[in-house]
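To find a chain, count down the sequence lines: A is the first, B the second, and so on, and within it residues start at 1.
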Protein chains: 2
Amino acid sequence: MSSLHDTPRGIPEVTVARLPGYLRALTTLADAGQESVSSESLAATSGVSPSMLRKDLSHLGSYGVRGVGYETSRLIAEISAALGLTRDWPVAIVGMGNLGRALAAYQGFAVRGFQVIALLDGDAEVVGTRIAGLDVQPMADLPALVTRSGLAIGVIATPPSAAQQCCDALVAAGVRSILNFAPTVLAVPPGVIVRKVDLATELQILAFHSHAQAHAAHAEVKGA
Amino acid sequence: MSSLHDTPRGIPEVTVARLPGYLRALTTLADAGQESVSSESLAATSGVSPSMLRKDLSHLGSYGVRGVGYETSRLIAEISAALGLTRDWPVAIVGMGNLGRALAAYQGFAVRGFQVIALLDGDAEVVGTRIAGLDVQPMADLPALVTRSGLAIGVIATPPSAAQQCCDALVAAGVRSILNFAPTVLAVPPGVIVRKVDLATELQILAFHSHAQAHAAHAEVKGA
DNA sequence: CACACTTTGTGAAAGCCTTCACAAGCGCGT
DNA sequence: ACGCGCTTGTGAAGGCTTTCACAAAGTGTG
Ligand SMILES: NC(=O)c1ccc[n+]([C@@H]2O[C@H](COP(=O)([O-])OP(=O)(O)OC[C@H]3O[C@@H](n4cnc5c(N)ncnc54)[C@H](O)[C@@H]3O)[C@@H](O)[C@H]2O)c1
Ligand SMILES: NC(=O)c1ccc[n+]([C@@H]2O[C@H](COP(=O)([O-])OP(=O)(O)OC[C@H]3O[C@@H](n4cnc5c(N)ncnc54)[C@H](O)[C@@H]3O)[C@@H](O)[C@H]2O)c1
């Protein structure tokens with residue numbers, strides 16, 4: 001039943017990656033007062049196919065009613081529970097440059113239970129400055145943040161050259177989940193999860209498609 | 001030979017998504033003076049398996065030498081060509097808030113041939129201000145940017161409520177590639193490519209793993 | 001030149017993920 | 001109470017992606 005690509009509770013990784021999207025769509029619907037939703041309309045709102053949505057939800061359990069659909073609030077609760085969003089997650093941001101400051105100022109974190117509890121930087125000039133209501137702390141404070149505040153998630157927004165070092169510090173302190181904005185492949189011990197957000201990669205993928213399209217258009221003109 | 005998941009030139013989508021990673025690893029190696037690299041070491045640097053790397057590269061052609069490896073500079077050239085990075089790509093950023101400004105100030109764009117040629121905003125207060133050496137323009141300037149500057153890629157950094165509207169404006173102006181930072185599913189006509197960067201989704205995926213790990217640890221303690 | 005050694009390129013196999021198709025289940029109207 | 005229409009949940013099928021395993025093709029050495 002469970003395989004290499006399955007997570008501890010038997011939910012496939014790809015499904016986990018789509019659950020946040022369903023959650024967002026459901027929240028929008030619930031806010032609009034909609035109490036029930038069919039797989040067809042929720043799928044359309046989430047940008048996936050109805051069968052994929054149903055298969056994904058079937059991994060969580062049977063929370064729909066045949067002939068009717070899903071109760072919005074119930075599904076929100078179930079997905080939140082599956083993702084572990086019934087508690088708050090303390091987050092620390094490492095690297096208070098352009099990006100780190102924008103992330104620290106961003107209000108969208110809090111809504112889903114992610115609390116930025118600390119901002120860290122390696123530059124003595126930056127440490128001690130106040131950003132978005134928090135004092136920037138030195139890297140040496142990391143272990144205390146984990147033990148005292150239950151810090152669980154670290155966001156790396158340093159230059160690529162410092163990313164591995166910061167990652168090592170996070171891991172040594174006990175952080176097991178890392179979101180990496182630096183364009184580097186991070187080496188971590190088993191049990192630590194790293195997710196990467198890479199702007200340059202995204203742009204290069206878009207470039208490929210623009211490039212391919214330009215070619216296709218050109219070929220068509222020539223061919224016609 | 002080519003299938004639904006294949007791109008116009010027969011390169012699978014998943015391969016395209018990994019090519020930028022190989023390119024970055026190769027550039028690092030080339031800068032360090034390494035003239036040749038084996039699939040094993042390039043794979044390790046890129047964080048993939050050697051067989052996956054070789055299969056990916058085989059879609060571009062046979063540029064390796066058996067018994068030796070790949071010539072670094074040659075492979076950089078071939079991947080760049082495949083991705084369409086042999087020319088410059090004009091980029092416009094829409095929405096000059098916290099995130100938009102961080103993106104505009106970011107120097108990492110230029111290195112791979114992405115040129116931020118325009119910053120746009122819908123707020124009359126913001127239009128005309130100077131950010132990162134560019135004057136913020138009104139949305140109405142979009143069509144001219146496409147026809148006069150060849151604008152090909154649009155980055156959306158507006159609040160989610162404005163994202164679809166900005167997307168429509170980009171598409172109407174002729175932009176075919178969009179990078180969306182707003183947490184919204186964008187509806188676009190066929191032929192337009194949208195890629196999404198969603199911080200909240202990434203954090204929720206990390207939360208799932210932290211959550212699962214906490215559970216597993218707890219169960220282990222109880223079981224022992 | 002032959003041989004040993006290395007590493008690529010690639011069919012074939014295995015494993016995942018998505019889509020299909022439909023039985024099962026529920027509500028509602030009569 | 002019963003049948004009709006609708007939508008879920010899910011085996012089975014199909015398609016992609018990854019991994020395996022090895023022949024092919026270089027290099028270098030004696
Ligand atoms: N700014 C953007 O829009 C953007 C976009 C995409 C990706 N990125 C990536 O995000 C990262 C940060 O970008 P940025 O523009 O904010 O860079 P930045 O140079 O403005 O800021 C980097 C910060 O990291 C700190 N730092 C450096 N070494 C450190 C260490 N060893 N330990 C702790 N802190 C350290 C520096 O003091 C500085 O405050 C980079 O890797 C960049 O490639 C940035
Ligand atoms: N700031 C972050 O670190 C961060 C992180 C992740 C995601 N995001 C997402 O990125 C987006 C932008 O975030 P932000 O913090 O920069 O928001 P912001 O409110 O600071 O800025 C939004 C900007 O968009 C402009 N705008 C609004 N409506 C517009 C319209 N119709 N046309 C053109 N411009 C318009 C506004 O004038 C403003 O300048 C949001 O969707 C947010 O969810 C931001």
- Query: With Ile178(A), which of Val171(A), Ile193(A), Val94(A) fulfils side chain to side chain contact (heavy atoms under 4.5 Å, CB included)?
  - Reply: Val171(A)

- Residues, nucleotides or ligands: over 12 heavy atoms within 6.0 Å of Gln34(A) CD: yes

- Query: Given the rule in the side-chain hydrogen bond (donor to acceptor under 3.5 Å, both in side chains) test, do Ser177(B) and Ser210(A) qualify, once you have shown the distances and angles that lead to the verdict?
  - Reply: CA-CA 7 Å; Ser177(B) 297; Ser210(A) 299; 2.7 Å; yes

- For Tyr63(A) and dT7(D), is the shortest distance between a side-chain N/O and OP1 or OP2 below 4.0 Å? no

- Is Ser49(B) touching bases, backbone alone, or none of the nucleic acid, heavy atoms closer than 4.0 Å? sugar-phosphate

- Query: What integer distance in Å separates Glu13(B):CD from dT18(D):C1'?
  - Reply: 17 Å

- Would you check, one step at a time, whether the test side-chain hydrogen bond (donor to acceptor under 3.5 Å, both in side chains) holds for Ser80(B) with Glu78(B)? CA-CA 5 Å; Ser80(B) 297; Glu78(B) 295 295 347; over 6 Å; no

- Could you tell me whether a side-chain N or O of Asn98(B) sits under 3.5 Å from a main-chain N or O of Ala102(B), the two making a donor and an acceptor? no

- Message: Nearest to the side chain of Arg18(B), heavy atoms from C-beta on, is which of dT18(D), dT18(C), dT8(D)?
- Response: dT18(D)

- Query: In whole angstrom, what separates Leu57(A)'s CG from dT8(D)'s P?
  - Reply: 9 Å

- Taking the side chain of Pro12(A) as its heavy atoms from C-beta onward, which of dT8(D), dC17(C), dG9(C) lies nearest to it? dC17(C)

- Quick one: is Ser39(A) getting a side-chain N or O under 4.0 Å of the dT8(D) phosphate, OP1 or OP2? yes

- note: His59(A), atom NE2; dG9(D), atom C1'; distance rounded to Å ~ 12 Å

- Item | Euclidean distance, atom CZ of residue Arg74(A) to atom C1' of dT8(D) [Å, nearest integer] | 14 Å

- Item | Protein-nucleotide distance (Met52(A), atom CE; dC20(C), atom P), rounded to Å | 12 Å

- dT8(C) P sits how many Å from Leu53(B) CG, rounded? 8 Å

- Message: Whole angstroms only, please: what is the OH-C1' distance between Tyr22(B) and dT8(C)?
- Response: 15 Å

- Message: What is the distance, to the nearest angstrom, from the OH atom on Tyr70(A) to the P atom on dC6(D)?
- Response: 18 Å

- Message: Protein within reach of the bases, or only the backbone? For nucleotides 20-30 of chain D, mark each nucleotide 5' to 3' as B, S or -, using heavy atoms under 4.0 Å.
- Response: BB--BBSS---

- So, does Thr27(A) use its side chain to make a donor-acceptor pair with the main chain of Leu23(A) at under 3.5 Å? yes

- Message: When you measure from the side chain of Glu35(B) to the backbone of Gly33(B), do you find a donor-acceptor pair of N or O atoms at a distance under 3.5 Å?
- Response: no

